[in-house]
Amino acid sequence: MSVEIVRTVAGIRARVAAWRAEGARVAVIPTMGALHDGHLSLVREGLARADRAIVTLFVNPRQFNSAADLAAYPRTEEDDARKLAVFGDGLVLFAPDGDEMYPPGFATGVTVSGVSEGLCGAGRPGHFDGVATVVSKLLLIAGADVALFGEKDFQQLQVVRRMATDLNLPTEIVGCPTVREEDGLALSSRNVRLSAEDRLRSAALPRALLAAARRLEAGAPLAETLAEAEDAILAAGFARVEYLELRAEAGLAPLAVPDRPARLLAAAWMGEVRLIDNVPVAPARAQAGLAAG
């Protein structure tokens, strides 16, 4: 069994039209390939919510700040197609090339302010413009009922939600929990670029985030807690911590205390590989008590 691969906008729209004629509900899972179990969990969730699914595979040049990073990004279409074949004929792989997505003369971009600022937006100028542009195109091309995104890229998820709401796109945006290795490291296509030693060291990132989250929930001071977490990350062998911040889950406003559902978000460099992660932080018990009183 092999997965059907469609490479043109006209082709995928024809496939969706045929599904619609059958009364099918359609899910879309946007990816840049190099599929791992995290992506496959999104496919399973998509097929649980819909009758048919489209997995998109497009390494989007407009969201890369570095030509070297773009060149180094893993491209494994043949292997990706094998992994998707197990889902049967209810799924197609949409794998357009650059000219299909950005034809000659392409001159339109989508910018989302607010939730795109700070965090990854600070270190990667223009990155979320590229994300918003390509995702808006993919949602419009697919015309799906629901789109699935992983929570590991939490800021990206908020950007996509804001964009879809503001542009009145009819596709429901669903965030799915981060899938992790046994030692806690979030699955990422970039993990294959880690050496064996760096891969082991990288598990310190989620450990530090989880420990800091528990401290914040118990009412520990933010600055002290974040400083201790950063020290633990650097001590494990990370070259630098790009950011480590507490933000509100809704809207990503910076927080001094977790007085509402929050996320602790980080980006850190292990050698030449940039890893991101985040963990939920429940409202601190002291704050919750004040609110209840």
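This is a predicted model, so every value here is computed, not measured. The figures that follow rest on heavy atoms only: side chains count, while hydrogens, waters and symmetry mates do not.
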> Under the side chain to side chain contact (heavy atoms under 4.5 Å, CB included) criterion, do E224 and R215 qualify, and how do the steps go?
Replying inline: CA-CA 10 Å; E224 175 185 311; R215 291 198 66 209; 3.1 Å; yes

Taking C-beta and beyond as the side chain, do [X] and [Y] meet within less than 4.5 Å on heavy atoms?
| X | Y | answer |
| --- | --- | --- |
| V16 | I54 | yes |
| L187 | E181 | yes |
| L148 | R49 | yes |
| F154 | L265 | yes |
| I276 | D153 | yes |
| L226 | L264 | yes |
| L194 | S202 | yes |
| Y73 | R190 | yes |

Using a cut-off of 6.0 Å, state whether more than 12 heavy atoms not belonging to [X] lie near its atom [atom1].
| X | atom1 | result |
| --- | --- | --- |
| D89 | CG | no |
| E4 | CD | yes |
| E22 | CD | yes |

Please answer whether the main-chain N or O of [Y] pairs with a side-chain N or O of [X] as donor and acceptor at a distance below 3.5 Å.
| X | Y | result |
| --- | --- | --- |
| E100 | T8 | no |
| R201 | G237 | no |
| R62 | G130 | no |
| K83 | L40 | no |
| N65 | P125 | yes |
| E245 | R263 | no |
| S41 | G38 | yes |

So if you build clusters from Ile, Leu, Val, Met, Phe, Trp, Tyr with side-chain heavy-atom gaps below 4.5 Å, do [X] and [Y] land together?
| X | Y | value |
| --- | --- | --- |
| I173 | L169 | yes |
| V110 | V134 | yes |
| M163 | M101 | yes |
| L205 | L246 | yes |
| V135 | L42 | no |

> So does R44 pair up with D37, basic N to acidic O under 4.0 Å?
Replying inline: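 Salt bridge between R44 and D37, a charged N being under 4.0 Å from a carboxylate O: no.
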
>> Between N60 and Y102, is there a side-chain donor-acceptor contact under 3.5 Å, judged purely by atom types and distance?
In response: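 Distance-only check passes for Y102 and N60.
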
> Quick one: are the ring centres of F58 and F94 less than 6.0 Å apart?
Replying inline: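 Between F94 and F58, which both carry aromatic rings, the centre distance is not below 6.0 Å.
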
> What distance separates D51 CG from R25 CZ, expressed to the nearest 0.5 Å?
Replying inline: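 Taking CG in D51 and CZ in R25, the distance rounds to 8.5 Å.
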
>> Let's go through T171 and D145 carefully: what are the C-alpha distance in whole Å and the side-chain angles of both, what is the deciding distance for side chain to side chain contact (heavy atoms under 4.5 Å, CB included) to 0.1 Å, and is it a yes or a no?
In response: CA-CA 5 Å; T171 306; D145 299 281; over 6 Å; no

